[in-house]
Amino acid sequence: APLSSAPDTTSPVSTTAITVTFLYRLSTPSLPNAVWLSFGPMWITEDSPRYEGLDGTSSLGIDFGVGSSLPLNDRFRANLAFDTFVYPFSPSIPTEAPTGGTQLDFRAMVGLSVHFGHDPEP
């Protein structure tokens, strides 16, 4: 049976998430680092040979998080962010009732960004 309570570790699962994120800056522009909250809708799909023939492996959800950006010099900034994805995951055989429930995934990001454009006048 494609669905069971025992985890299937024979096939890897690939997860793709597309988000549209809105940022709300918490820190004032006079501070050197930026701190923000983020929130937005997301579309997520899970793909694996073990899900072949099942419905419910794609769904809409919510992405929310927090992040910070710290200037390293005039052009480069170090970025750190934490996100939470909340979405329903209920794979099912097309002729049967869905099983599953709400999925909660976490993501941590560390990055480097480059500032382009002119600097504001002092």
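Note on F82: it clusters hydrophobically with V110, by side-chain heavy-atom contacts below 4.5 Å among ILVMFWY residues. Note on I18: it clusters hydrophobically with L60, by side-chain heavy-atom contacts below 4.5 Å among ILVMFWY residues. A single hydrophobic cluster is not seen to contain both V20 and I62; linkage of ILVMFWY side chains at heavy-atom distances under 4.5 Å, directly or through other members, places them apart.
Taking T16 as the reference, nothing meets the side-chain hydrogen bond (donor to acceptor under 3.5 Å, both in side chains) condition, with sequence neighbours excluded. S27 pairs by the side-chain hydrogen bond (donor to acceptor under 3.5 Å, both in side chains) definition with R25, not counting sequence neighbours.
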Could you go through residues 37-46 and list every donor-acceptor pair under 3.5 Å that involves a side-chain atom there, pairing it with any protein atom two or more places apart or in another chain?
unit_1: S38; atom_1: OG; unit_2: G65; atom_2: N; d: 3.2
unit_1: T45; atom_1: OG1; unit_2: S58; atom_2: OG; d: 2.6
unit_1: E46; atom_1: OE2; unit_2: Y87; atom_2: OH; d: 2.9

Sequence neighbours excluded and cut-off under 3.5 Å, please list the side-chain donor-acceptor pairs for residues 66-73, or say none.
unit_1: S68; atom_1: OG; unit_2: A34; atom_2: O; d: 3.1
unit_1: S69; atom_1: OG; unit_2: R77; atom_2: NE; d: 2.7
unit_1: S69; atom_1: OG; unit_2: N79; atom_2: OD1; d: 2.8
unit_1: N73; atom_1: OD1; unit_2: R75; atom_2: N; d: 2.9
unit_1: N73; atom_1: OD1; unit_2: F76; atom_2: N; d: 2.9

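Between the CZ atom of F85 and the CD atom of Q103 there is a distance of 11.5 Å, given to the nearest 0.5 Å. Between atom CG of residue L26 and atom CG of residue L31 there is a gap of 11.0 Å, rounded to the nearest 0.5 Å.
Sorted by first then second residue, the salt bridge (Lys or Arg N to Asp or Glu O under 4.0 Å) pairs that include residues 83-92, not counting sequence neighbours, are D83-R107.
Other residues sharing a hydrophobic cluster with L23 under the 4.5 Å side-chain heavy-atom criterion for ILVMFWY residues are W36.
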